[in-house]
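Inspection log for the structure reproduced underneath, given as structure tokens.
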Amino acid sequence: MKKEKIGLIVVLLLASFIPNGVVVHADDDKHEYKEHKEYKDHDDDDDDDEHDEDEEGEETYYFQDAVSEKGSWNIWTRTVVTDKEVLPFTNSQKVTLKVEGTNKELNFSVIPKDGEFFVPGKTVAQVLGAKATFYKESKILAIQFQDNELLFRAGTNVVYDNNVKTPSPAQAFYVNEELYVPISTITNGLGYIAEWQESNQTFVCQPITN
């Protein structure tokens, strides 16, 4: 119990220092996430040079053309939305995530930020049945689920959704040895939608039906 409290405090403190952003960042095409194998952990000093080159070629997309509809924390519209609905709760806390129709269940800390619920991407992907690999040096999270592939990188709000460069509602960030991503991107991207149950402090993930 004491370790959980310390971990939650660390998450809260680190999250408070993460800058809010109003731009969408994407890597230069030569270093797109779909080439993420180039970003695997290395034991030499080449990472610094690669990182510098990456930042020099970085593209920035501003929000002038943001859609006017109100965004929802559990719907990934794959567009840039600045007007967002009020979250069910606004303080970081421990929650439960359940997958409907299964016995899969997970407890973790969720971080409300920038009008989104941020969750540990690798952990949530795995409980949803996906294969997830995190490359610590480059802070890239690669997720595979059936025919779906999602690629996230810390400090950007771009997701490669089956190799298509797509806006995420907010920037992913690295904290407590996890890459935290908006819950809508990870659940919708893997074919689920999360609903919040206030009575038992639980996110229930249900398959999206067409």
Side-chain angles (χ1 to χ4, degrees), residues 4-26 33 63 70-99 105-128 130 132-136 138-143 150-161 166-190 192-198 201-205:
E4 288 185 358
K5 288 184 178 178
I6 292 173
L8 183 55
I9 290 172
V10 170
V11 169
L12 294 174
L13 287 174
L14 291 176
S16 66
F17 289 102
I18 298 167
N20 294 326
V22 292
V23 295
V24 179
H25 299 288
Y33 299 2
F63 279 13
K70 188 177 288 293
S72 174
W73 63 266
N74 65 348
I75 302 294
W76 183 20
T77 62
R78 292 169 172 78
T79 56
V80 179
V81 178
T82 55
D83 186 20
K84 300 179 180 181
E85 67 179 11
V86 177
L87 296 175
F89 59 91
T90 56
N91 294 320
S92 298
Q93 64 183 58
K94 282 276 190 179
V95 299
T96 300
L97 182 142
K98 292 183 178 181
V99 182
E105 186 173 315
L106 175 71
N107 296 309
F108 59 87
S109 296
V110 63
I111 302 175
K113 186 177 182 293
D114 296 339
E116 304 293 332
F117 283 131
F118 282 86
V119 298
K122 180 179 179 180
T123 304
V124 170
Q126 289 174 334
V127 81
L128 292 176
T133 304
F134 182 62
Y135 301 101
K136 191 172 182 180
S138 54
K139 303 295 188 294
I140 285 177
L141 176 63
I143 298 170
L150 299 173
L151 295 173
F152 299 86
R153 191 177 188 184
T156 75
N157 42 356
V158 169
V159 180
Y160 279 91
D161 182 15
T166 309
S168 174
Q171 290 186 7
F173 57 85
Y174 179 70
V175 63
N176 218 25
E177 299 188 354
E178 282 264 20
L179 187 68
Y180 273 70
V181 302
I183 194 171
S184 63
T185 59
I186 192 77
T187 55
N188 291 182
L190 297 178
Y192 291 87
I193 186 169
E195 298 291 347
W196 174 244
Q197 293 184 350
E198 179 69 28
Q201 301 291 287
T202 298
F203 289 109
V204 177
C205 290

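These values consider heavy atoms only, across backbone and side chains, with no hydrogens, waters or symmetry-generated copies. This structure is a prediction, so every number in the text was calculated from the model and none was measured.
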Where do [X] and [Y] come nearest, in terms of heavy atoms and distance?
X      : Y      : result
Phe134 : Lys122 : CB-CD, 4.3 Å
Lys98  : Glu105 : CE-OE1, 3.1 Å
Pro120 : Ser109 : CD-O, 3.9 Å
Gly121 : Glu178 : N-OE1, 4.2 Å
Pro169 : Lys84  : O-NZ, 2.9 Å
Ala170 : Pro182 : O-CG, 3.9 Å

| query | Given the side-chain rings of Phe118 and Trp73, with only the six-membered ring counted for Trp, is the space between their centroids under 6.0 Å? | reply |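 Ring centroids of Phe118 and Trp73 are no less than 6.0 Å from each other.
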
| said: Is it the case that the ring center of Tyr160 lies less than 6.0 angstrom away from the ring center of Phe152? | reply: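 No - the distance between ring centres of Phe152 and Tyr160 does not fall below the 6.0 Å cut-off.
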
| Residues in ring pair (Phe, Tyr, Trp, His ring centres under 6.0 Å) with Tyr192, at least two apart? |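 Not a single residue meets the ring pair (Phe, Tyr, Trp, His ring centres under 6.0 Å) criterion with Tyr192.
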
| query | Could you walk me through whether Thr187 and Leu128 pass the side-chain contact (heavy atoms from CB on, under 4.5 Å) check? | reply | CA-CA 8 Å; Thr187 55; Leu128 292 176; 4.2 Å; yes

To the closest 0.5 Å, what do you measure between [atom1] ([X]) and [atom2] ([Y])?
X      : Y      : atom1 : atom2 : answer
Leu141 : Tyr135 : CG    : OH    : 9.5 Å
Phe173 : Thr156 : CZ    : OG1   : 12.5 Å
Ile143 : Leu150 : CD1   : CG    : 5.5 Å
Asn91  : Ile111 : CG    : CD1   : 12.0 Å
Arg153 : Lys139 : CZ    : NZ    : 9.5 Å

Which residues pass the side-chain contact (heavy atoms from CB on, under 4.5 Å) test with [X], not counting sequence neighbours?
X      : answer
Ala172 : Leu179, Val181
Asn74  : Ser72, Ile193, Glu195
Val127 : Leu97, Lys104, Leu106

| said: Less than 4.5 Å apart, side chain to side chain, heavy atoms only: is that true for Ser184 and Ile75? | reply: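 No, every pair of side-chain atoms sits at 4.5 Å or beyond.
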
| query | Is it true that atom CD of Glu177 has more than 12 heavy atoms of other residues, nucleotides or ligands lying nearer than 6.0 Å? | reply |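 At most 12 heavy atoms, drawn from other residues, nucleotides or ligands, come within 6.0 Å of this atom.
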
| query | Angle class for the Trp196/Phe89 ring planes (parallel below 30°, perpendicular above 60°, tilted otherwise)? | reply |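 Answer is tilted, since the angle falls between 30° and 60°.
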
Looking only at atom types and distance, does a side-chain atom of [X] sit under 3.5 Å from a main-chain N or O of [Y], one as donor and one as acceptor?
X      : Y      : answer
Trp76  : Pro167 : yes
Thr202 : Val204 : no
Lys113 : Thr90  : no

State which residues pass side-chain hydrogen bond (donor to acceptor under 3.5 Å, both in side chains) with [X]; sequence neighbours excluded, sorted by chain then number.
X      : answer
Gln201 : Gln93, Glu198
Thr96  : Asn107
Asn188 : none

| Is there a side-chain contact (heavy atoms from CB on, under 4.5 Å) between Tyr180 and Val110 once you walk through the steps? | CA-CA 9 Å; Tyr180 273 70; Val110 63; over 6 Å; no

